[in-house]
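The figures here come from the full heavy-atom set of this structure, side chains too, leaving out hydrogens, waters and symmetry mates.
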Amino acid sequence: MYAVRGTVYIKDGKADRVNLSVFSSDREKRIPVDIDGDFTTQLDWNNNYQFYFSKPGYISKKIDFSTIVPTNINESRLYPYQLLVELFPMFPHADTAFFRNPVAKIKYSDINNDFDYDLNYQLVVKEKVQKLKKDYQSFLKQNISKPVPAKEIVVKNQEVAALRYQKRVETSQKKKIVPVKTAVSRPEKDASNNESNPFGLPPLKALYPNGKSIESYKRKGKVITRIIMKNDNYQKAFYRVKHNWGGLYYFVQESPTYYRSISKYNFEKATKI
């Protein structure tokens, strides 16, 4: 079986009352989501699944996941997949019709030798998400000075999250990278409530030296290592998140507001760690 792990992010709130169901052609399986938004499940190989995330007061999301792989692939060499999901708050007149469709489609990629997002589909989703974000921000501005009934305060305080799925991770370098280590340890205030910064880290510096810069940060229950790969005009940031309970996850920052989970293989290949 293939392990899929993930985290559901709730902006300005807790991940309580989050429901996750995984559907296949013949059954539905309810997956527990803990107070930190973490979950894990096991999928059968060569099957199609749909993850359904929901929470009262938020727009539900669906993600299609296919575990079908070529017959020549050694399944035991594929690392568990990590999903990042952020639920959007409901607000009056929100155009949610599109979100009846999956927000992502994941399948095996012959290019990356790993599971990856359908890039063409993600470009369509990104446009819809950005429109919803803009509409929500307009709603907040129009209602910021108006009294809000108590039962609606939680919904009003939510900010729409940025979609974290975009592009494929670049897994090769055109030139040899010369390692340059930079050790950093800053007990700064957790900025995880910033929708463009899910890990709560200080922003990237304006300038990094060519080579590899390594920054390490301690956060509640985990240690986050940020590796910046720089080669002239090329720069890419990678993240390794190690939880105290043993969980180990990897991400690539595709843009200032888009992070994507990647496998350990792709992380090590890109960072040479």
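- Contact check for Asp118 versus Asp64: no side-chain heavy atoms found under the 4.5 Å cut-off.
- Note that CD1 of Ile73 is 14.0 Å distant from CD1 of Ile68, once rounded to the nearest 0.5 Å.
- Taking the six-membered ring for Trp and thresholds of 30 and 60 degrees, Phe115 and Tyr108 have ring planes more than 60 degrees apart, a perpendicular arrangement.
- Within the hydrophobic cluster formed by Ile, Leu, Val, Met, Phe, Trp and Tyr side chains joined at under 4.5 Å, directly or through other members, Phe23 is accompanied by Tyr52.
- In this structure, Ile228 shares a hydrophobic cluster with Leu204, Tyr208, the cluster being traced through Ile, Leu, Val, Met, Phe, Trp and Tyr side chains under 4.5 angstrom apart.
- Each of Tyr2, Tyr249, Phe65 was compared with Tyr81 under the ring pair (Phe, Tyr, Trp, His ring centres under 6.0 Å) criterion, and only Phe65 meets it.
- With rounding to the nearest 0.5 Å, the separation of OH in Tyr9 from CG in Leu87 is 12.5 Å.
- Between Tyr259 and Phe199, the gap from one ring centroid to the other is short of 6.0 Å.
- No side-chain heavy atom of Ser213 sits under 4.5 Å from any side-chain heavy atom of Lys230.
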What verdict does the ring pair (Phe, Tyr, Trp, His ring centres under 6.0 Å) test give for Phe39 and Phe53, after you've listed the backbone C-alpha separation in whole Å, the side-chain angles of each residue and the deciding distance to 0.1 Å? CA-CA 11 Å; Phe39 65 88; Phe53 301 87; 5.7 Å; yes

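- Leu140 and Val129 fall within a single hydrophobic cluster, where Ile, Leu, Val, Met, Phe, Trp and Tyr side chains are chained together by heavy-atom contacts under 4.5 Å.
- Of the possible polar contacts, none joining the Thr7 side chain to the Gly37 backbone as a donor-acceptor pair under 3.5 Å is found.
- Put simply, CD1 on Ile224 and CZ on Arg240 are 12.0 Å apart, with the number rounded to the nearest 0.5 Å.
- Remark: side-chain polar atoms of Lys29 are paired, donor with acceptor, to backbone N or O of Gln42 under 3.5 angstrom.
- Shortest non-hydrogen contact noted between Tyr121 and Ala104 is CE2-N, 4.0 Å.
- Atom CG of Asp114 and atom CG of Leu78 lie 6.0 Å apart (nearest 0.5 Å).
- Here the NZ-CG distance, from Lys14 to Asp36, works out to 10.0 Å after rounding to the nearest 0.5 Å.
- In summary, the aromatic rings of Phe91 and Phe139 are positioned with their centroids under 6.0 Å apart.
- With hydrogens and angles ignored, the 3.5 Å screen pairs a side-chain donor or acceptor of Arg219 with a backbone N or O of Gly200.
- Nearest heavy atoms, Asn48 versus Ser66: OD1-OG, 3.1 Å.
- Residue Lys128 places its NZ atom among 12 or fewer non-hydrogen atoms of other residues, nucleotides or ligands, all under 6.0 Å distant.
- Of all non-hydrogen atoms in Lys105 and Gln122, the two that sit nearest each other are N-OE1, 3.9 Å.
- Interatomic distance, CG of Leu132 versus CD1 of Ile59, reported as 4.5 Å (0.5 Å rounding).
- Val223 and Ile227 fall into different hydrophobic clusters, where Ile, Leu, Val, Met, Phe, Trp and Tyr residues are linked whenever their side-chain heavy atoms come under 4.5 Å apart, directly or through other members.
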Step by step, would you call Tyr250 with Gln82 a side chain to side chain donor-acceptor pair (under 3.5 Å)? CA-CA 8 Å; Tyr250 305 88; Gln82 174 75 8; over 6 Å; no

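- Grouping Ile, Leu, Val, Met, Phe, Trp and Tyr residues whose side-chain heavy atoms lie under 4.5 Å apart, directly or via other members, leaves Met1 alone, with no other cluster members.
- Side-chain contact between Asp16 and Lys55 is present, with at least one heavy-atom pair separated by less than 4.5 Å.
- In terms of heavy atoms, Lys222 sits closest to Val241 at CD-CG1, 3.6 Å.
- Under the 3.5 Å distance criterion, the side-chain polar atoms of Thr67 are matched with a main-chain donor or acceptor of Asn47.
- Using a 4.5 Å heavy-atom threshold, the side chains of Tyr239 and Leu201 count as touching.
- Side chain of Lys61 to main chain of Phe99: no donor-acceptor pair is present (N/O by atom type, distance under 3.5 Å, no hydrogens or angles).
- Of all non-hydrogen atoms in Ser21 and Glu28, the two that sit nearest each other are OG-OE2, 3.0 Å.
- Closest of all the heavy-atom pairs between Asp44 and Tyr49 is N-OH, 2.9 Å.
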